[in-house]
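Keep in mind that what you see is a predicted model, and the values were worked out from it rather than measured. When reading the values below, keep in mind they use all heavy atoms of this one structure, side chains included, and skip hydrogens, waters and symmetry mates.
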Amino acid sequence: MASTTQFLISLPPKPPYLLSYSSPSKPRFINITCCLSIQQARNDQTTSSGSNALNGLRVAFAAGGTGGHIYPAVAIADELKLVNPTSEILFLGRPNSMESTAIPSAHFEFKSIPAVKLVRPFFSLRNLLLPYFLIKSITKCFTLLSKFEPHLVVGTGGYVSFPVCLAALLKGIKVVIQEQNSVPGIANRFLSLFADLVFVAFNSTVQSFPRKEKCVVCGNPVRLSLKNSVSKAVSRLHFFPWLEKMEGSSEEIKVILVLGGSLGANAVNIALLNVYSQLLLEHENWFIIWQTGVESFNEMESLVRSHPRLLLAPL
């Protein structure tokens with residue numbers, strides 16, 4: 001039977017609150033009851049006082065670089081606002097980036113911080129000024145966090161997470177990490193040493209973190225906008241409107257969605273480029289939606305022959 005573990009978030013001067021999750025004996029098989037549910041401490045006797053205190057909950061998110069880091073953070077923020085509409089949310093990210101447009105579009109407050117990017121290989125001359133830019137970014141994050149005064153900072157990976165979470169740790173703010181990939185990146189791997197909890201999507205990912213007892217396997221967050229159920233027929237007509245005029249049953253139609261991540265994947269694009277024509281020729285009931293990524297869209301569009309059962313999209 002799973003035991004209940006409680007994670008303390010200090011919210012002075014109000015009573016403490018608990019971020020709760022249920023865990024079995026082995027951390028890699030932890031079963032989440034509610035990843036970000038806030039519950040009242042046991043020493044608080046009244047329900048009404050707990051509800052009032054939740055009104056002051058503030059959470060800052062460090063998310064940027066790619067959609068793989070940004071949208072899980074948006075999903076968590078959506079859920080927080082759904083559970084408690086009075087929660088205050090702040091996103092920190094780079095200026096003139098994907099997050100600088102995606103976050104405001106999701107109706108969350110966004111503040112930009114100086115970009116810090118680690119160039120590979122690590123001993124590249126381009127990394128000589130890395131300490132300077134890192135200190136500059138941490139200083140800016142420290143200032144923004146001091147103004148916002150979050151009770152919790154959530155880092156979802158990428159270069160943006162590093163200075164934000166370091167600034168939070170310096171301020172003594174609780175930090176949790178959310179890792180979407182099977183293998184964590186440098187930022188999350190390092191920050192996991194100091195984070196209070198690490199939420200991961202796969203059981204195997206736990207082995208990639210040095211402090212496995214901190215890991216919580218909970219899958220990847222899904223945005224509320226994607227949870228609205230839509231029938232297959234409606235979805236097909238959205239992407240292929242001409243199907244409405246097609247005679248006969250559409251039950252045999254199969255739509256194949258090819259994803260290479262928010263920025264696209266060159267290996268996936270090249271592989272599909274070599275086989276898409278043959279697939280459509282051999283299977284007359286197959287339809288392909290091919291997400292190329294923004295950077296590869298123009299190139300793929302110039303190489304791919306137009307086909308009524310093929311749809312190319314940058315995102």
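For Tyr159 against Pro163, the heavy-atom pair with the smallest separation is O-CD, 3.0 Å. The shortest heavy-atom contact between Arg94 and Glu99 is N-OE2, 2.9 Å. Minimum heavy-atom separation, Leu145 to Val153: CD2-CG2, 4.3 Å. Of all non-hydrogen atoms in Ala77 and Phe108, the two that sit nearest each other are CB-CZ, 3.5 Å. Considering all non-hydrogen atoms of both residues, Ala73 and Thr156 come closest at CB-CG2, 3.7 Å. The two residues Val160 and Ala63 make their nearest non-hydrogen contact at CG1-N, 4.0 Å.
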Worked check of side-chain contact (heavy atoms from CB on, under 4.5 Å) between Ile138 and Cys141:
CA-CA 5 Å; Ile138 291 175; Cys141 294; 5.5 Å; no
Go through Ser208 and Arg189 one step at a time and tell me if the side-chain contact (heavy atoms from CB on, under 4.5 Å) criterion holds.
CA-CA 8 Å; Ser208 299; Arg189 196 188 298 265; 4.1 Å; yes
side-chain contact (heavy atoms from CB on, under 4.5 Å) between His151 and Lys174, worked out
CA-CA 7 Å; His151 303 116; Lys174 297 290 183 182; over 6 Å; no
Does the side chain to side chain donor-acceptor pair (under 3.5 Å) test come out yes or no for Gln178 and Asn188, once each step is laid out?
CA-CA 8 Å; Gln178 194 274 327; Asn188 271 1; over 6 Å; no
Pair Ile177, Val154 - check side-chain contact (heavy atoms from CB on, under 4.5 Å), show working.
CA-CA 6 Å; Ile177 299 301; Val154 180; over 6 Å; no
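Within a 6.0 Å sphere centred on CD of Glu109, heavy atoms belonging to other residues, nucleotides or ligands number more than 12. Under a cut-off of 6.0 angstrom, the local environment of NZ in Lys81 is crowded, with over 12 non-hydrogen atoms contributed by other residues, nucleotides or ligands.
Every residue was checked against the ring pair (Phe, Tyr, Trp, His ring centres under 6.0 Å) condition with Phe142, not counting sequence neighbours, and none meets it.
No single ILVMFWY cluster, assembled from side-chain heavy atoms under 4.5 Å apart, contains both Val164 and Ile135. Under the 4.5 Å side-chain heavy-atom criterion for Ile, Leu, Val, Met, Phe, Trp and Tyr, Tyr132 and Leu170 are members of the same hydrophobic cluster. Taken together through direct or relayed side-chain contacts under 4.5 Å among Ile, Leu, Val, Met, Phe, Trp and Tyr, Leu257 and Phe297 form parts of separate hydrophobic clusters. No chain of hydrophobic side-chain contacts below 4.5 Å, direct or via other Ile, Leu, Val, Met, Phe, Trp or Tyr residues, connects Ile288 to Ile253. Taken together through direct or relayed side-chain contacts under 4.5 Å among Ile, Leu, Val, Met, Phe, Trp and Tyr, Ile270 and Val294 form parts of separate hydrophobic clusters.
The line from CG of Leu273 to OG of Ser296 is 11.0 Å long, rounded to the nearest 0.5 Å. The distance from the CG atom of Leu312 to the OG atom of Ser306 is 9.5 Å, given to the nearest 0.5 Å. For the atom pair CD of Glu149 and CG of Leu90, the computed distance is 12.5 Å after rounding to the nearest 0.5 Å. Here CD1 of Ile89 is found 14.5 Å from NE2 of His107. Values are rounded to the nearest 0.5 Å. A distance of 11.0 Å separates CZ in Phe202 from SG in Cys218, rounded to the nearest 0.5 Å. Atoms CG and CD, on Leu311 and Gln291 in that order, are 11.5 Å from each other to the nearest 0.5 Å.
The shortest distance between side-chain heavy atoms of Val116 and Leu130 falls below 4.5 Å. Counting heavy atoms from C-beta on, the side chains of Thr205 and Glu179 come closer than 4.5 Å. Two residues are said to be in side-chain contact when any heavy atoms from C-beta on lie closer than 4.5 Å; Leu57 and Glu88 fail this criterion. Looking at Phe162 and Leu191, their side chains come closer than 4.5 Å, going by heavy atoms from C-beta outward. Side-chain contact between Ser112 and Ser100 is absent, with no heavy-atom pair separated by less than 4.5 Å. In this structure, the side chains of Trp290 and Thr292 come closer than 4.5 Å at one or more pairs of heavy atoms. Here the side chains of Leu144 and Ile113 are in contact, with some heavy-atom distance below 4.5 Å. For the pair Phe287/Leu243, a side-chain contact is recorded, criterion being any heavy-atom separation below 4.5 Å from C-beta on.
Judged by distance alone, with hydrogens and angles left aside, the side-chain atoms of Asn220 form a donor-acceptor pair with the main-chain N or O of Gln180 at under 3.5 Å. Listed for the Ser161 side chain is a donor-acceptor partner under 3.5 Å among the backbone atoms of Ala62. Side-chain atoms of Asp196 come within 3.5 Å of backbone N or O of Val175 as a donor-acceptor pair. A donor-acceptor pair under 3.5 Å links the side-chain atoms of Thr143 to the main chain of Thr139, judged by distance alone. Under the 3.5 Å distance criterion, the side-chain polar atoms of Arg236 are left unmatched by any main-chain donor or acceptor of Val255. Side-chain atoms of Ser137 do not come within 3.5 Å of backbone N or O of Phe133 as any donor-acceptor pair.
A donor atom on one side chain and an acceptor atom on the other are found under 3.5 Å apart for Ser146 and Lys171. Inspection of the Glu299 and Asn269 side chains reveals no N or O donor paired with an N or O acceptor under 3.5 Å.
The aromatic ring centroids of Phe91 and Phe110 lie 6.0 Å or more from each other.
Salt bridge annotation for Arg223-Asp78: absent, with no cationic side-chain nitrogen under 4.0 angstrom from a carboxylate oxygen. At a threshold of 4.0 Å, the pair Glu213-Arg211 counts as salt-bridged, since one of the basic side-chain nitrogens sits closer than that to a carboxylate oxygen.
For residues 271-286, the set of pairs meeting the side-chain hydrogen bond (donor to acceptor under 3.5 Å, both in side chains) definition, not counting sequence neighbours, comprises Ser277-Arg305, Gln278-Glu282.
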